[in-house]
Amino acid sequence: MAADAAALEAPPLERPSLGEATLDDETRALVVPDAADLPASPPSAVEANFARYFIADFMNPGHDQYVYRHPNGLCVVGLAPAHVAFKEEGGITAVDFNVGKSDRSEMKVTGKRKRNAQHLQENSALCKVCVNDKSFVVRCCVKGSLLEINDRLIKQPDLLNTAADREGYIAIFQPKPADWLKIKDKFLSYKDYRNLRGAC
């Protein structure tokens with residue numbers, strides 16, 4: 001009983017000092033941002049996780065490609081929005097990874113050390129994309145080890161027409177850091193590419 005009576009007679013809670021109130025407001029501003037400062041839509045997974053680079057007219061006019069570089073050093077290569085193949089009527093209808101002496105789709109990389117990875121130059125042919133009776137050669141754009149090709153494109157070439165920057169990527173490379181530094185300056189940023197080609 002005495003404990004209950006003491007609890008009832010406890011002094012009222014003190015109000016926070018001015019310094020503590022200011023700190024609380026700063027913390028609230030960090031945790032709960034102002035809605036007016038937020039972007040209209042959240043960044044996509046590509047925008048949030050990759051540094052986006054583009055190369056215009058790579059070896060041929062209109063052969064624009066992208067290289068998305070992840071912080072772990074891996075590079076995803078694909079067709080940029082203004083690639084000449086997208087301007088053809090009917091869109092891309094087939095993707096052929098059989099280029100010259102080797103079929104890139106038969107490559108199987110295994111293990112931590114990426115055994116069997118093909119070491120390619122930036123101008124090496126990666127695949128051919130077909131539109132009606134025309135075909136366009138897609139190049140590697142980066143010097144490095146080819147770790148994976150997107151074999152879904154063989155059965156679903158329409159992924160290039162609908163989601164070329166996501167599910168429709170062409171391949172994944174692992175360049176050496178020194179090689180990446182040599183070629184990085186040849187690429188355009190997303191902003192520079194958009195200014196060059198218009199809205200994309």
Side-chain angles (χ1 to χ4, degrees), residues 43-56 58-60 63-86 91-131 135-190 193 200:
S44 69
V46 170
E47 293 168 355
N49 298 312
F50 293 87
R52 298 183 292 169
Y53 298 95
F54 294 83
I55 188 161
F58 189 60
M59 298 186 70
N60 286 302
H63 286 232
D64 296 2
Q65 291 183 233
Y66 67 74
V67 177
Y68 294 163
R69 188 165 195 265
H70 194 272
N72 66 10
L74 295 183
C75 293
V76 178
V77 175
L79 299 183
H83 192 283
V84 68
F86 295 127
I92 296 169
T93 54
V95 178
D96 184 10
F97 285 98
N98 189 357
V99 286
K101 298 176 183 177
S102 62
D103 187 347
R104 308 271 188 236
S105 63
E106 292 178 359
M107 177 203 69
K108 298 291 179 231
V109 176
T110 59
K112 185 176 178 181
R113 297 187 187 270
K114 310 300 181 202
R115 283 192 285 281
N116 302 327
Q118 296 176 3
H119 300 284
L120 302 173
Q121 301 297 316
E122 44 192 294
N123 61 353
S124 299
L126 188 55
C127 70
K128 290 181 282 192
V129 293
C130 304
V131 182
S135 66
F136 302 94
V137 176
V138 178
R139 304 284 174 178
C140 295
C141 295
V142 292
K143 178 183 177 183
S145 301
L146 176 61
L147 302 185
E148 173 185 318
I149 57 105
N150 187 358
D151 52 8
R152 287 177 62 189
L153 295 177
I154 297 169
K155 293 181 180 176
Q156 297 173 277
D158 195 48
L159 286 174
L160 282 169
N161 299 318
T162 58
D165 63 334
R166 298 184 310 279
E167 293 90 353
Y169 72 94
I170 303 282
I172 298 176
F173 285 88
Q174 185 173 30
K176 291 180 180 174
D179 290 336
W180 172 254
L181 291 174
K182 288 178 189 173
I183 61 169
K184 176 184 170 185
D185 293 336
K186 296 179 183 177
F187 297 128
L188 300 170
S189 68
Y190 174 72
Y193 181 73
C200 54

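Values in this document were obtained by computation on a predicted structure and should not be read as measured data.
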Chemist: If the condition is ring-ring contact (aromatic ring centres under 6.0 Å, His included), which residues does F50 pass it with, not counting sequence neighbours?
Modeler: H70
Chemist: Do I55 and D64 make a side-chain contact, defined as non-hydrogen atoms from C-beta onward lying under 4.5 Å apart?
Modeler: no
Chemist: Does any N or O in the side chain of T162 come within less than 3.5 Å of the main-chain N or O of D158, such that one atom is a donor and the other an acceptor?
Modeler: yes
Chemist: Rounded to the nearest 0.5 Å, what separation is found between the SG atom of C141 and the CG atom of L120?
Modeler: 12.0 Å
Chemist: Would you say the side chain of V138 lies within less than 4.5 Å of the side chain of Q65, judging by non-hydrogen atoms?
Modeler: yes
Chemist: Nearest 0.5 Å, what's the NZ-OG distance between K143 and S124?
Modeler: 10.5 Å
Chemist: Using residues 144-153 as the side-chain source, report each donor-acceptor pair under 3.5 Å to any protein atom, sequence neighbours left out, with the distance given to one decimal.
Modeler:
from	atom 1	to	atom 2	distance (Å)
S145	OG	H119	ND1	2.9
E148	OE2	Y169	OH	2.4
N150	OD1	R152	N	3.3
N150	ND2	E167	O	2.7
N150	ND2	Y169	O	2.9

Chemist: Which residues pass the ring-ring contact (aromatic ring centres under 6.0 Å, His included) test with F173, not counting sequence neighbours?
Modeler: none
Chemist: Can you name the nearest heavy-atom pair linking F86 to A80, along with the distance?
Modeler: CE1-O, 3.2 Å
Chemist: Is the shortest heavy-atom distance from the side chain of L79 to the side chain of D165 under 4.5 Å?
Modeler: no
Chemist: Roughly how far, to the nearest 0.5 Å, is OH of Y53 from CZ of F187?
Modeler: 9.0 Å
Chemist: Find the distance between CG (N161) and CD (Q156) and round it off to the nearest 0.5 Å.
Modeler: 12.0 Å
Chemist: Restricting to non-hydrogen atoms, name the atom on V77 and the atom on C140 that form the minimum distance, rounded to 0.1 Å.
Modeler: CG2-O, 3.5 Å
Chemist: Of all the heavy-atom pairs spanning V95 and C127, show the shortest one and how long it is.
Modeler: CG1-SG, 4.1 Å
Chemist: Angle class for the Y68/Y66 ring planes (parallel below 30°, perpendicular above 60°, tilted otherwise)?
Modeler: parallel
Chemist: Could you tell me which residues satisfy ring-ring contact (aromatic ring centres under 6.0 Å, His included) with F58, sequence neighbours excluded, listed by chain and number?
Modeler: none
Chemist: Please report the closest heavy-atom contact between V67 and C75, naming both atoms and the distance.
Modeler: CG1-CB, 3.8 Å
Chemist: How far apart are the closest heavy atoms of P81 and F54, and which atoms are they?
Modeler: CD-CE2, 4.1 Å
Chemist: Quick one, V46 and R52 - any side-chain contact, counting heavy atoms below 4.5 Å?
Modeler: yes
Chemist: For the atom pair SG (C130) and CG (D96), what is the distance rounded to the nearest 0.5 Å?
Modeler: 6.0 Å
Chemist: Provide the full list of salt bridge (charged side-chain N to carboxylate O under 4.0 Å, His left out) pairs with a residue in residues 173-188, sequence neighbours left out, each pair given once.
Modeler: E122-K186
Chemist: For F136, give me all partners under ring-ring contact (aromatic ring centres under 6.0 Å, His included), at least two apart in sequence or on another chain.
Modeler: H63
Chemist: Is any side-chain heavy atom of V99 closer than 4.5 Å to a side-chain heavy atom of V137?
Modeler: no
